[in-house]
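Proteins get letters first, then strands, A, B, ... in listed order; numbering begins at 1 in each.
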Protein chains: 2
Amino acid sequence: MNSVKIKPDRQQAAKSVRKTYHHGDLRRQLIAAAEQVIVERGVDGFTLREAARRVGVSPAAPSHHFKDAKGLLTEVALLGFRDFGAALAAADKRGGQDPMRRLYEQGIAYVQFALRFPARFQLMFRVDKHDHTNAEFVRVSQEAYCILENAIRAATGTPSDRPLGPDGQGLLVAVWSMVHGYCHLAFGGELNNPARGGGNTDVILESLLPLTLKYLPLPIKK
Amino acid sequence: MNSVKIKPDRQQAAKSVRKTYHHGDLRRQLIAAAEQVIVERGVDGFTLREAARRVGVSPAAPSHHFKDAKGLLTEVALLGFRDFGAALAAADKRGGQDPMRRLYEQGIAYVQFALRFPARFQLMFRVDKHDHTNAEFVRVSQEAYCILENAIRAATGTPSDRPLGPDGQGLLVAVWSMVHGYCHLAFGGELNNPARGGGNTDVILESLLPLTLKYLPLPIKK
DNA sequence: ACATGATTTGAACAGTGTCAAGATCAAGCC
DNA sequence: GGCTTGATCTTGACACTGTTCAAATCATGT
């Protein structure tokens, strides 16, 4: 887990009153506080001042470590994407050799991550809330994408030196859309109705998700 | 189209200076202005004061017609959902008797609406930005849902007096997830890469969408 | 003609992000 | 060692935001 840990070195506990004028570990703790805020209040409930308040620092202090609020959230999204990619990679490995099993495992992992860390996940895909042109962000998200693409390559028999054909592209987007949409429907409360096979997060993950992923697209056989 | 029209009766053009103390058509024009704002600035760029400004009224005026900002946006979302339901119904009809064709046409219409009116669509599904417990809203969104459900019933041979079985529930959520996710991927710019078969909105709608919906789930045959 | 109630305004309050100046300090250089 | 430089943080300010309250205005029914 890439949650930000404080090293018991020189910094203060968030609440404890700081003796020194300089904070010493502000950048790191701001990221941790920001994540905490979006977990509690949602991505839109985030406030730069609140994050500053939690680490006991003035509202203007963050500006020396991040360009602006978006800059801070970009770092949070970055950490999220690292974990996300790791979760997908682990799932892919669990899938073994069978391409369809790899895709299925990735799908499960995708949704599990999103529903276990909804704040992170929603931030990661909220283009307006972070700088999606950030070089490192592009790299990490690209990396996660490749995990999916590679499974699609295996499923369609496309070697890595050839571009994906139209069928492969369609399959990739279809699979991605399905799991991604499932997450958003869950966030919107659209899967909470027991009469529709839904319920709380447990039901959505344990019962409805397998029911849904039975319909995960298969590659078109030639 | 349920866009709000001004009746050339007693109200003012948004910009023109109003002579009378009372506005006369404030509620309607506020809704229209609000929609305009989210079209230009996105859902998160919406501001109650800006909407009031555009119809030439004080920041406190809207409170007499809507409980708060959320209340105004609820009305906008409501109009959106009416059009959305109408678009889905029309598509369903276009599908004729074949259940799979009905689902496919609905899918196309779903995504087309979302990408043609992204502001509306995103607002409609942003639970935090409007009052999703509003009775009329529940009614209208339920109505749209039923259009999908009925096609699923036809596809699975489930009469309307019986609840959908697990397979039907899974199929419904799978189809919904795929089209819904496709829209969100598009919003996030994930489908803009030509190397991945994407591009601008035209490409996404005309080229990539059919490629993707070729993988729209089929009902499981017993 | 008048009173009642619905609209609208103006001013205020508590929040927000961000900027410019100044205060404080760590660390390198003489 | 002492000094300077640059990084870090605070203070105070500005322009915004949503919402509330009392007062102003007016349409309408009596």
Side-chain angles (χ1 to χ4, degrees), chain A residues 9-31 33-34 37-38 40-76 123 126 128-131, chain B residues 6 9-12 14-31 33-34 37-38 40-76 123 126 128-131:
Chain A
D9 182 11
R10 192 191 173 294
Q11 82 302 337
Q12 315 296 319
K15 293 293 250 181
S16 84
V17 185
R18 163 170 40 108
K19 287 264 196 290
T20 61
Y21 186 87
H22 286 2
H23 185 287
D25 193 33
L26 184 52
R27 183 185 159 87
R28 189 193 308 262
Q29 287 200 16
L30 272 177
I31 296 176
V37 172
I38 65 173
E40 294 173 17
R41 307 188 177 179
V43 174
D44 290 302
F46 171 77
T47 288
L48 189 57
R49 288 180 112 103
E50 172 66 16
R53 218 173 284 134
R54 294 199 180 191
V55 300
V57 98
S58 89
S63 75
H64 297 272
H65 299 271
F66 310 96
K67 181 168 169 282
D68 50 14
K70 233 166 153 176
L72 171 51
L73 288 184
T74 301
E75 298 300 324
V76 178
L123 173 61
R126 279 285 292 276
D128 51 317
K129 290 293 179 185
H130 64 258
D131 177 19
Chain B
I6 53 178
D9 183 10
R10 189 187 175 294
Q11 81 303 334
Q12 316 296 322
K15 294 291 249 178
S16 84
V17 183
R18 164 169 41 105
K19 289 264 195 287
T20 59
Y21 187 87
H22 285 5
H23 185 286
D25 194 32
L26 185 51
R27 183 185 159 85
R28 189 192 310 260
Q29 287 199 18
L30 273 176
I31 296 177
V37 171
I38 66 173
E40 293 173 17
R41 308 189 176 179
V43 174
D44 290 303
F46 170 78
T47 287
L48 189 56
R49 286 179 112 105
E50 174 65 16
R53 220 174 283 135
R54 294 198 181 192
V55 301
V57 98
S58 88
S63 74
H64 297 271
H65 298 272
F66 311 95
K67 180 167 167 282
D68 49 17
K70 233 168 156 176
L72 171 52
L73 288 184
T74 301
E75 298 299 324
V76 178
L123 173 62
R126 281 286 291 277
D128 50 318
K129 290 293 179 186
H130 64 256
D131 177 18

Please confirm whether the backbone N or O of A:Glu75 pairs with a side-chain atom of A:His130, one donor and one acceptor, at under 3.5 Å?
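Not a single qualifying donor-acceptor pair exists.
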Any A:Phe66 side-chain heavy atom under 4.5 Å of A:Arg27 side chain:
yes
Once rounded to the nearest 0.5 Å, what's the spacing between atom CG of B:Asp131 and atom CG of B:Asp128?
12.0 Å
Give, for atom CG of A:Leu73 and atom CG of A:Asp68, the distance between the pair rounded to the nearest 0.5 Å.
9.0 Å
Given atom [atom1] of [X] and atom [atom2] of [N], what is their separation to the nearest angstrom?
| X | N | atom1 | atom2 | result |
| --- | --- | --- | --- | --- |
| B:Leu72 | D:dT19 | CG | P | 10 Å |
| B:Asp44 | C:dT16 | CG | P | 17 Å |
| A:Arg27 | D:dC9 | CZ | P | 12 Å |
| A:Lys129 | C:dT16 | NZ | C1' | 12 Å |
| B:Leu73 | D:dT17 | CG | P | 15 Å |
| B:Glu50 | D:dA15 | CD | P | 18 Å |
| A:His64 | C:dG22 | NE2 | P | 15 Å |
| A:Leu26 | C:dC25 | CG | P | 16 Å |

Hey, which of these two, A:Pro62 or B:Phe46, hits DNA chain D nearer its 5' end, going by closest nucleotide?
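Counting from the 5' end, the first nearest nucleotide belongs to A:Pro62.
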Under 4.0 Å between a side-chain N/O of A:His65 and OP1 or OP2 of D:dA7, yes or no?
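For D:dA7, neither OP1 nor OP2 has a side-chain N or O of A:His65 closer than 4.0 Å.
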Considering just the side-chain nitrogens and oxygens of B:Arg53, establish if one lies under 4.0 Å of OP1 or OP2 belonging to D:dT17.
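Answer is yes, contact under 4.0 Å.
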Is it the case that the base of C:dG15 and the side chain of A:Arg49 share a donor-acceptor contact (distance under 3.5 Å, atom types as modelled)?
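Not at all, since no donor on one side and acceptor on the other fall under 3.5 Å apart.
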Using a 4.0 Å heavy-atom cut-off, does A:Thr47 contact any base of the nucleic acid, only the sugar-phosphate backbone, or nothing at all?
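Sugar-phosphate: the residue A:Thr47, judged by heavy atoms under 4.0 Å, touches backbone atoms but no base.
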NA contact type, B:Ala60, heavy-atom cut-off 4.0 Å: base, sugar-phosphate, or nothing?
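B:Ala60: base contact, heavy atoms under 4.0 Å.
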Using every non-hydrogen atom in the two residues, find where A:Gly45 and A:Val37 come nearest and quote the distance to one decimal.
O-CG1, 4.2 Å
Picking from C:dT9, D:dT19, D:dT10, the nucleotide nearest the side-chain atoms of B:Ala61 would be C:dT9
Choose from C:dT9, D:dT19, D:dT10 the nucleotide whose nearest atom is closest to any side-chain atom of A:Ser58.
D:dT10
